[in-house]
Each structure stands twice: as C-alpha cells, then as structure tokens.
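Encoded as structure tokens, the structure appears first; notes follow it.
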Amino acid sequence: MPVQFMRFIDFWLGAPCCLLLTLWLRVARLFRRPRPRPERLRRVIFIQLAESGAFVAAQAAMRRLEERHPGAEPWVLTFGLGGQVLDALRFPRDRRIVIRTDGPWTFCRDTLDAIVRMRALSPDATVNLETFARFSTLLAALSGAPIRAGFFRFHDEGRYTGGLLTHRLVYSPHLHAAQTYAALVESLAEEPGPEPAAKVAVPLEDLDLPRVPSDPALRARVEEMLRSLCPGWEPSWRLVLLNVNASDMAPNRRWPEANYLELAARLAEPPDVLVGFIGAPGERAAVERLLRGLPHPRVHNLAGRTGLPDLMELFHAADLLVTNDSGPAHLAGAAEIDVIVLFGPETPKIFRPLGPRVRAVSLELACSPCISAYNQKRSPCRDNRCMKGISVESVLGMAQVALGRRP
C-alpha cells in the first residue's frame, strides 16, 4: 500500500476515529466497569506496523518483559513485511498477528480479523512501539487490553491520538530506540495516572542486544546460491554485500547509486572478493538495471534471491555490509558481520543498529536530522547533501579496514 496513501488515511480518518473512540470509551465507563488491572501479566501484544526493522531493537524490550514479568508471553501485531522480519529473528509464528497490506480490501479484512483475534486472546497489555501513530493506537484500544502503553504528545509535541492510552510516556529524541522501547515495558508495572510514566533510567549498556545464531542448513543453501552465481567461488573468499535501497517512507535516505557502483568496482579489484547487491524481490529489476553500468564477473545481483531467514544467514556468511539506514542494517546487526551504515536525514543516535561490529557514518549537517517521529518521516528536502556528501573514498577506507581484520 503506498506510503502517502497511508499517511493520508492516518490524518483524515485517524484523528476523528481517535476522538470518537475516546468519547465512546468514556461513555461506556459510565454504564459498565472497565476490565480490572491484572495481578500479573500473561499476554502482552507489541504493536509495530510500518518500521519492521525496529523489531530488532525491540527484542531487548521483549526480553525485559520476560525478566520483569516472569511467565508473560510477548505477542506481536505487525504488517506483512514485519512477519518476514520476525521469521529472520526466529520469533514464534504462533504468537504473531499479521495484517497484509496487498490492497485496501485485504487490509480492511485483516484489520478486522486482527481485532477479533486480539479480543479473543484477552491480552493484559499492549505496548505501542509506533510513535504517535493513530492506527496502532486505535488497534491497541480495540484489543480490550486494560493496560495500554505508548508515547503521548502531552503539550503538542506530537500528533493527536485521543485519550486511548492508559500509560503515557514522553517520547525522548535523545535516547536510542531500544531504550525508548524498554521504557514502555518498564511502565507496565506502574499505576496509570496523569503524570508521564517510566521515570526511570534505561541505560543502553544494560539492554540484552539481539543475536541470531548461524544455521548450518541455511548456510549450505546460501553457499550453493553463491556458487551458482559465481563459478569458482569458495567460502574462503571475502564476501561484501551492498544495499542501495531504503523504504519508500523516506527515500532521501539513499546514498547515490553511482557511489555504490564505484564502491563495488573498487572492492571487487582483489581476485578473492565477491560483491553482492541485496534487496527485496520487488527491488530486483532496479538493481539489475543499475548493474548494467558495472559488468563484472564478481559483482552480482542478489536482490530477491533470498527470503529474510536466508538473508540473515547470508549476513553470517559475509564479511561486510555497506547499507543505507534501512531494515537490512538492523538485521545485520544481529549477525556476525561488520556493518557500515550511512546516515543522513536521520540520526544514528536514535536509529543506529545495535551490535559491536556496526559503524555509523553521518556528516551531522546543521539540517540533519530532518525526519523524525514528529513529522511522520516527511522531509521538505529534495537535495540530500547529507548523503551525497559522504565520499566513496571515506566509505572505501572503512570497508578496507573491516576486510583487513579478517584472518
């Protein structure tokens, strides 16, 4: 479903729906007692719809839920791509609720099914990982959960979402996303009230970072694919992955394609280096057109050749990923691979993938970051100098250092 259409619906339908549902719940409380707060949490639904890569950072929050509330089951409500990310993270399929976005009728039907299923589950709490998103806030309220944690605008620093949250947090643009998600979980143990919840410290170093181990069966499949593409390839070669893509939600996060082509040509100069451009199936044709400008026997189009579980294993098999700020960057942070992430319109202080081998690159221009949770990631900029100004030479130097660490 087009991003602009989703934003249009969120604005013109989301706000009045939040208002009407808020009024309905207030009137309903006059005639019936609300569901009491549970003595202990059994089921908690984490809602993350559009930014599926955020599930990697949210893994630490889910683990914190299990630590703070023993026996609590984390569930997930997400869109279709989020379900694929959960496959890569090996999150249980029987604890997911997925809304497909293939078309308006499918979307509406799956949304109704999701509400029915949530109410049948009778969750004790919802944790809304979306920041100021009206649709996810409505779903949380319609779930029937007596505890609903999320970020609230308070004095107009965010979008209107009605009075549908029971545990309202201040969104801090000075914390990493993993910290803000963990703060939502911390709030679940508190009593609801008018004050902002989760007045606690959540140090990043205290969070349990996600790690997905290598799978031998998937590794064999990935290696067979690489041999079929590049006869003569051996696992002893160095494998470099490049990701030229970024979601349609913020296309100005892309580094120029010409830069990626030049970087690929320079990296592929040694005879024992294989360079692969990754991407989703829908991005395969665009990558194919791009690589017509670089016919090289050891530079290949891997876009669409792997599902996300196989892509995670490809990260384990590779030595380096160079990528725009996007979902693959976060997935790679959970694997054994060096990662160079190029930031421009967003800040690595909030969205840097977590992992000991991640290197974030940002010019930190005066105009950056220009997209945030406060503007639905919409930027007026059409000349992303924050990305264009990152030189090929600087990225190449970092890549060579990372590859030089390999024994």
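What you are looking at is a predicted structure, and each value in this text was computed from that prediction instead of being measured. Each residue takes its place number in the sequence, starting with 1.
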Could you go through residues 339-355 and list every donor-acceptor pair under 3.5 Å that involves a side-chain atom there, pairing it with any protein atom two or more places apart or in another chain?
{"residue": "Glu346", "atom": "OE1", "partner": "Arg253", "partner atom": "NH1", "Å": "3.1"}
{"residue": "Glu346", "atom": "OE2", "partner": "Lys377", "partner atom": "NZ", "Å": "3.0"}
{"residue": "Thr347", "atom": "OG1", "partner": "Lys349", "partner atom": "N", "Å": "3.0"}

Results of salt bridge (Lys or Arg N to Asp or Glu O under 4.0 Å) for Glu224 - residues two or more places apart only = none

message = Is any side-chain heavy atom of Arg37 closer than 4.5 Å to one of Ile147?
response = yes

message = Going by the rule ring-ring contact (aromatic ring centres under 6.0 Å, His included), which residues pair with Tyr260 if we only count those two or more places apart in sequence or in a different chain?
response = Trp255

request  = Only counting residues at least two apart or in another chain, list the ones meeting side chain to side chain contact (heavy atoms under 4.5 Å, CB included) with Thr137.
outcome  = Asn128, Thr161, Leu164, Leu165

Would you mind writing out the side-chain donor-acceptor pairs for residues 194-211 within the sub-3.5 Å range, not counting sequence neighbours?
{"residue": "Glu195", "atom": "OE1", "partner": "Lys199", "partner atom": "NZ", "Å": "2.7"}
{"residue": "Arg211", "atom": "NH1", "partner": "Gly333", "partner atom": "O", "Å": "2.9"}

key: salt bridge (charged side-chain N to carboxylate O under 4.0 Å, His left out): pairs with one or both residues in residues 280-302, sequence neighbours excluded   = none

task = Name all residues meeting the salt bridge (Lys or Arg N to Asp or Glu O under 4.0 Å) criterion together with Arg227; count only those two or more places apart in sequence or in a different chain, and write none if there are none.
result = none

ask   = Which residues pass the side chain to side chain contact (heavy atoms under 4.5 Å, CB included) test with Pro270, sequence neighbours left out?
value = Arg238, Asp272, Val273

ask   = Is the count of non-hydrogen atoms from other residues, nucleotides or ligands lying under 6.0 Å from Arg35 atom CZ greater than 12?
value = yes

ask   = Restricting to pairs with a member in residues 107-120, which pass side-chain hydrogen bond (donor to acceptor under 3.5 Å, both in side chains), not counting sequence neighbours?
value = Arg100-Asp110

key: Residue list, side chain to side chain contact (heavy atoms under 4.5 Å, CB included) with Arg95, at least two apart or on another chain   = Glu73, Pro74, Trp75, Phe91, Pro92

inquiry  = Would you say CZ of Arg134 has more than 12 non-hydrogen atoms from neighbouring residues, nucleotides or ligands within 6.0 angstrom?
reply    = yes

inquiry  = Given 3.5 Å as the limit, does a donor-acceptor pair link the side chain of Arg359 with the main chain of Met398, or not?
reply    = no

task = With sequence neighbours left out, write down each residue that passes side chain to side chain contact (heavy atoms under 4.5 Å, CB included) with Ala61, or none if nothing qualifies.
result = Phe46, Tyr181, Val185

message = Taking ring-ring contact (aromatic ring centres under 6.0 Å, His included) as the definition, give me every residue that meets it alongside Phe151, ordered by chain and number, with sequence neighbours left out.
response = Tyr171

